2 protein chains.
Amino acid sequence: MHPTFQHHDHSHCAGDSLARAEALMAERGARLTPVRKRVLEILLEAHKALGAYDVLQRLAAEGYGNQPPVAYRALDFLVEQGLAHRIQRLNAFTACMHAGEAHAPAFLICDRCATVAEAPVAPIRAALEAAAAEMGFAVERVSLEATGLCPACREAA
Amino acid sequence: MHPTFQHHDHSHCAGDSLARAEALMAERGARLTPVRKRVLEILLEAHKALGAYDVLQRLAAEGYGNQPPVAYRALDFLVEQGLAHRIQRLNAFTACMHAGEAHAPAFLICDRCATVAEAPVAPIRAALEAAAAEMGFAVERVSLEATGLCPACREAA
DNA sequence: CTATGTATGTAATATTATAACAGGTCAAGA
DNA sequence: TCTTGACCTGTTATAATATTACATACATAG
Ligand SMILES: [Zn+2]
Ligand SMILES: [Zn+2]
Ligand SMILES: [Zn+2]
Ligand SMILES: [Zn+2]
């Protein structure tokens, strides 16, 4: 079973990801400011997709600004930097589990518990690009999102 | 080059699709009422993704109701019946070019002109389902959307 | 220090979507 | 025929998501 779906001490992977993120940002000269860092932490702690307003609520509770742009700007930054992904289907955001690794992820979204896992699908992307090229279309960005039931919810059902 | 991206007399494919839709609905005992039919026509005429409010505006101009549910209900019906698709990335809807054919489409969305084409990707879906199964995840619905440049806009650029 | 670019805070507004309820149509069955 | 029930349409109101515009603060380079 994939680690995302296993019961695990999540504080570990959150800590690791955070450290990796800080290293990456330093390397690139990008600024992981307090708000941005806190938003990343919030996403990592949640381990599932959160809406911008969910994030905003938590920020506000901690003394950061409580207007939508505060959340959207931080989230947009994280997405640009590849530290988070946007899940179109949910109008929500999730921390990237492979920051800096140059990956073309597919997202597996549980309909029940909203857990989001990233599946590796490089070959799929290649196949799509080939099909598109035949049609004369130049692919730039791909989003591949699947909904269904995660192992835990499947058992429960 | 794929037909969607070619210059073509679009009234033909719109007419064909509409006829096919009526046949399908009759077969299933579903009702393609005037509003629903008109919405499908609007999508077919546009040949690109339209937002619910774009559709609504046209409906209202023709004497139908001018409140959001009028558009959303018709669009939801068309999507349920497989006569249209929702494009998550654009919060928009587009007529299906293969109604009744049981297909798992990928959408190629032009960043410039918003034209949307359906690419056939049955093998891709199979590959994704296999990858997900290995992680214990049961896929139910897949949405695969790519943005980029269509042939025409590519030439222009 | 001062200018410059960048980040944050806030108000206002735009865009997308749904809930809840009132009538209207139509066909099946008493 | 009349009633019932399913379903479609219309409308009001509101929720949820997202952006624009502008003011302020803060860093760093010159
Ligand atoms: Zn990722
Ligand atoms: Zn689940
Ligand atoms: Zn289709
Ligand atoms: Zn184009």
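These numbers come from a predicted model, not from an experiment. In what follows, every chain begins at residue 1, and chains take the letters A, B, ... in the order their sequences are listed. Values below: every heavy atom of this structure, side chains too, minus hydrogens, waters and symmetry copies.
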Using the test side chain to side chain contact (heavy atoms under 4.5 Å, CB included), find all partners of A:A46 that sit at least two apart in sequence or belong to another chain. A:K48, A:L50
Find every protein N or O atom lying less than 3.5 Å from an N or O atom of nucleotides 13-16 of chain C, and list the pairs.
none

Applied to residues 93-116 of chain A, the salt bridge (Lys or Arg N to Asp or Glu O under 4.0 Å) test, sequence neighbours excluded, yields none
Just jot down the side chain to side chain contact (heavy atoms under 4.5 Å, CB included) partners of B:A104, sequence neighbours excluded, or say none. B:R125
Sort and list the pairs that fulfil ring-ring contact (aromatic ring centres under 6.0 Å, His included) and have at least one residue in residues 138-157 of chain B, not counting sequence neighbours. none
Which residue pairs satisfy the side-chain hydrogen bond (donor to acceptor under 3.5 Å, both in side chains) criterion with at least one member in residues 22-35 of chain A, sequence neighbours excluded? A:R28-A:Q81
Residue pairs meeting side-chain hydrogen bond (donor to acceptor under 3.5 Å, both in side chains), one or both in residues 140-154 of chain B, sequence neighbours left out, come to none
Along nucleotides 21-30 of chain D, 5' to 3', which nucleotides get a B, which get an S, and which get a -, given that the test is a protein heavy-atom distance under 4.0 Å? B---------
Contacts of B:F93 meeting ring pair (Phe, Tyr, Trp, His ring centres under 6.0 Å) (sequence neighbours excluded), chain-then-number -> none
Separation of atom OH in A:Y64 from atom P in C:dT10, rounded to whole Å: 14 Å
Separation between CG (A:L149) and CD1 (A:I109), nearest 0.5 Å, reads 12.5 Å
Please list, by residue number, the residues of residues 34-41 of chain A whose heavy atoms come closer than 4.0 Å to an atom of DNA chain C; answer none if no residue qualifies. A:V35, A:R36
What pairs of residues pass the ring-ring contact (aromatic ring centres under 6.0 Å, His included) test when at least one of them lies in residues 53-83 of chain B, not counting sequence neighbours? none
Provide the full list of salt bridge (Lys or Arg N to Asp or Glu O under 4.0 Å) pairs with a residue in residues 61-74 of chain A, sequence neighbours left out, each pair given once. A:R38-A:E62
